[in-house]
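A short worksheet on the structure shown next.
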Number of protein chains: 2
Amino acid sequence: MRTVKDAKERRDEILDAADELFSQKGFDKTSTNEILEKIGIARGTLYYHFKSKEDIMDALIKRYEKVLFENAEKIAKDKSIPVYERIVKVVKALNISEQGNGQIIDHMHKPQNALMHQKTQATIIKRLTPLLTGIIEEGIEKGLFQTPFPYECMEMAIIYASTIFDSDMIVLSNEQRKERMQAFIYNIGRMLMIEEEGASYLKQIFERKEV
Amino acid sequence: MRTVKDAKERRDEILDAADELFSQKGFDKTSTNEILEKIGIARGTLYYHFKSKEDIMDALIKRYEKVLFENAEKIAKDKSIPVYERIVKVVKALNISEQGNGQIIDHMHKPQNALMHQKTQATIIKRLTPLLTGIIEEGIEKGLFQTPFPYECMEMAIIYASTIFDSDMIVLSNEQRKERMQAFIYNIGRMLMIEEEGASYLKQIFERKEV
DNA sequence: AAATATAGACCGACAGTCAGTCGGTTGGTA
DNA sequence: TACCAACCGACTGACTGTCGGTCTATATTT
């Protein structure tokens with residue numbers, strides 16, 4: 001009853017199982033036993049591939065990070081796409097959950113679990129901020145925006161959005177959500193000194209999202 | 001060897017011990033055993049006063065919330081203090097750790113622990129935002145600021161500041177810290193359309209803080 | 001082609017820790 | 001003396017991580 005597999009294959013198998021369980025029940029309330037029973041391996045096998053339960057979480061986050069940001073990075077660097085459109089596309093690349101393989105991450109930003117959420121948010125801030133900043137700087141050159149602090153503006157926008165819109169820390173009704181989104185766009189507009197057309201473009205796009 | 005105390009007294013005793021241990025080692029890595037050994041009570045006693053370990057954490061947060069915000073609220077409502085000065089004082093009331101009794105909270109915003117941090121941040125957002133919004137609205141009436149979204153501005157400022165300045169999620173050198181602070185003041189200034197004098201006043205104050 | 005060696009993958013019993021429970025006890029007080 | 005809030009500590013069950021040992025696929029030798 002023993003099946004031997006390539007380390008990589010086993011690792012992925014474990015990560016798949018962990019992903020599903022963590023997103024269902026949260027990290028704390030998922031036991032390592034559940035993970036290994038789900039794929040029919042022994043305790044020692046799990047700890048042969050990962051040094052701790054938290055290590056599994058870290059690997060899981062890295063796996064998502066890789067997939068999502070490789071895609072987002074491609075878009076961000078594609079100068080053939082107009083600035084405003086590119087911003088929208090980059091953000092969408094990270095939010096949307098239709099990544100081919102099947103069910104993927106909403107839970108990347110909405111884990112029932114605090115530590116996982118914290119770690120995820122930290123990587124989003126670290127990786128997304130420079131991407132958007134690049135685009136904004138391009139926009140500045142083109143006279144679309146005007147600010148001495150593009151990086152910090154984006155940092156602030158990302159932190160705010162990921163706390164308010166993508167986590168369950170503050171619970172909002174759909175109505176409130178919409179209001180926050182309007183105010184958010186407006187405020188970013190002020191920080192970047194966006195001209196009228198650009199602002200209303202973004203407004204249209206983002207107010208549609210998530211009913 | 002049995003000492004009977006008023007429930008309130010015992011509760012506080014337990015909270016004091018938990019406070020010290022949580023802030024030293026973090027919530028997860030503090031065992032309930034350590035707490036009860038520290039004050040010399042039995043396991044059952046602890047669970048007579050609190051229904052779970054997390055319940056202790058919640059009570060601890062509430063205790064801080066009460067002390068800190070009662071003070072902050074008083075300041076916020078004192079219309080004899082000029083608007084700018086009042087903003088500064090309210091913020092200071094929450095940050096500074098000289099609350100009479102001895103050593104208090106830095107760890108309110110800087111716990112090594114994700115869940116505690118998340119809960120703390122949630123209460124800060126919920127309670128501080130309306131306080132500051134009130135002051136800002138007064139400033140708007142007086143023509144100091146101008147924005148259709150004072151609440152959302154403050155929410156954004158608070159979320160950003162508590163993530164960047166008061167948590168160890170993003171690690172900053174003192175130099176970087178200073179830069180962020182400058183940019184932060186500048187950005188808030190734009191969102192609120194602060195006039196020149198007000199902006200430079202805030203700049204002076206907040207750039208001094210925390211070396 | 002058969003025998004042997006090697007190492008990477010796997011196993012599962014076990015140790016140790018911890019949160020929470022429960023039946024029973026004690027001391028203050030009415 | 002009766003009551004009850006406060007207290008006790010042994011116990012349970014669940015969980016993470018460890019360790020010595022085993023298996024199997026592949027490489028190496030004969």
Side-chain angles (χ1 to χ4, degrees), chain A residues 1-61 63 111-116 118-119, chain B residues 1-61 63 111-116 118-119:
Chain A
M1 203 61 17
R2 169 187 260 210
T3 38
V4 177
K5 295 186 177 178
D6 242 36
K8 255 197 177 165
E9 201 180 340
R10 255 294 126 79
R11 265 182 76 93
D12 269 332
E13 199 179 4
I14 293 169
L15 289 180
D16 289 341
D19 186 16
E20 202 177 320
L21 289 167
F22 288 171
S23 68
Q24 274 169 17
K25 328 178 42 182
F27 177 77
D28 285 336
K29 294 196 172 167
T30 300
S31 72
T32 50
N33 264 323
E34 291 175 278
I35 297 173
L36 48 97
E37 274 165 19
K38 181 162 186 158
I39 46 183
I41 58 169
R43 224 170 157 56
T45 307
L46 189 139
Y47 280 91
Y48 174 77
H49 293 283
F50 296 94
K51 75 171 202 287
S52 70
K53 192 182 163 189
E54 190 169 340
D55 192 35
I56 298 175
M57 181 175 78
D58 291 339
L60 201 52
I61 292 175
R63 200 172 67 164
Q112 304 86 318
N113 170 261
L115 182 57
M116 191 154 167
Q118 198 182 67
K119 288 189 174 183
Chain B
M1 204 57 21
R2 166 187 263 212
T3 40
V4 177
K5 295 186 177 178
D6 242 36
K8 256 200 176 165
E9 203 179 338
R10 251 299 123 79
R11 264 182 76 91
D12 269 332
E13 200 178 2
I14 293 169
L15 289 179
D16 289 341
D19 185 17
E20 202 175 321
L21 288 167
F22 288 172
S23 67
Q24 276 169 18
K25 328 175 46 183
F27 177 77
D28 285 337
K29 294 196 173 166
T30 299
S31 71
T32 51
N33 265 322
E34 290 175 279
I35 297 173
L36 46 97
E37 274 165 19
K38 181 162 187 159
I39 46 183
I41 58 170
R43 225 165 155 60
T45 308
L46 189 139
Y47 280 91
Y48 174 76
H49 293 283
F50 296 93
K51 76 172 202 287
S52 70
K53 192 183 168 191
E54 190 169 340
D55 192 35
I56 298 176
M57 182 175 79
D58 290 339
L60 201 52
I61 292 176
R63 198 171 69 162
Q112 304 83 320
N113 170 261
L115 181 57
M116 191 156 167
Q118 197 182 66
K119 288 189 175 185

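When reading the values below, keep in mind they use all heavy atoms of this one structure, side chains included, and skip hydrogens, waters and symmetry mates. Numbers restart at 1 for each chain; the letters A, B, ... are given by sequence-line order, proteins then strands.
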Fill in: Contact state string [nucleotides 11-19 of chain D, B base, S sugar-phosphate only, - no protein heavy atom under 4.0 Å]
----SBBBB

Worksheet item: Taking the side chain as C-beta and beyond, is there a heavy-atom pair between B:Phe22 and B:Ile35 under 4.5 Å?
Response: yes

Worksheet entry | Whole angstrom value for the distance that separates P of C:dT26 from CD1 of B:Ile41 | 19 Å

Discussion item. Output the rounded distance in Å from CE (B:Met57) to C1' (C:dA19).
Written reply: 15 Å

Worksheet item: Tell me: CG of B:Leu46 to P of C:dA19, nearest whole Å?
Response: 10 Å

Practice prompt. Can you sort out the partners of A:Arg63 under side chain to side chain donor-acceptor pair (under 3.5 Å), two or more places apart, ordered by chain and number?
Written response: A:Asp12, A:Asp16

Practice prompt. With axes from five pairs an end, tell me the bend angle of the helix from C:dA1-D:dT30 to C:dA30-D:dT1, nearest 10°.
Written response: 10°

Practice prompt. Taking all heavy atoms of B:Leu15 and all of B:Ile56, pick out the closest pair and write down the distance.
Written response: CD2-O, 3.7 Å

Practice prompt. Compute whether any side-chain donor of one residue and acceptor of the other, for B:Arg10 and B:Thr45, lie under 3.5 angstrom apart.
Written response: no

Worksheet entry | Protein-nucleotide distance (B:His49, atom NE2; D:dC8, atom C1'), rounded to Å | 12 Å

Practice prompt. Give the rounded distance in Å between these two atoms: CD1 of A:Ile39 and P of C:dC10.
Written response: 10 Å

Worksheet item: Sub-3.5 Å donor-acceptor pair from the side chain of A:Glu34 to the main-chain atoms of A:Ser31, do we have one?
Response: yes

Worksheet item: Taking CD1 from A:Ile35 and C1' from C:dC10, how many angstroms apart are they, rounded to a whole number?
Response: 17 Å

Worksheet item: Are A:Thr45 and C:dA9 close enough that a side-chain N or O sits under 4.0 Å from OP1 or OP2?
Response: no

Practice prompt. Please report the shortest heavy-atom distance between A:Phe27 and A:Asn113, naming the atom on each side.
Written response: CB-CG, 3.6 Å

Discussion item. From OH of A:Tyr48 over to P of C:dG12, roughly how many Å is that when rounded to an integer?
Written reply: 17 Å

Discussion item. Between B:Glu13 and B:Lys38 (salt bridge meaning N to carboxylate O under 4.0 Å), is one present in this structure?
Written reply: no

Worksheet item: Is a donor on one side and an acceptor on the other found under 3.5 Å between the side chain of A:Lys119 and the backbone of A:Ala114?
Response: no

Discussion item. Are more than 12 heavy atoms, taken from residues, nucleotides or ligands other than A:Lys29, located less than 6.0 Å from that residue's NZ atom?
Written reply: no

Item to complete: Provide, to the nearest angstrom, the distance between the NZ atom belonging to B:Lys5 and the P atom belonging to D:dC8.
Response: 10 Å

Item to complete: Classify the side chain of A:Arg2 and the base of D:dT24 as holding, or not holding, a donor-acceptor pair under 3.5 Å.
Response: no

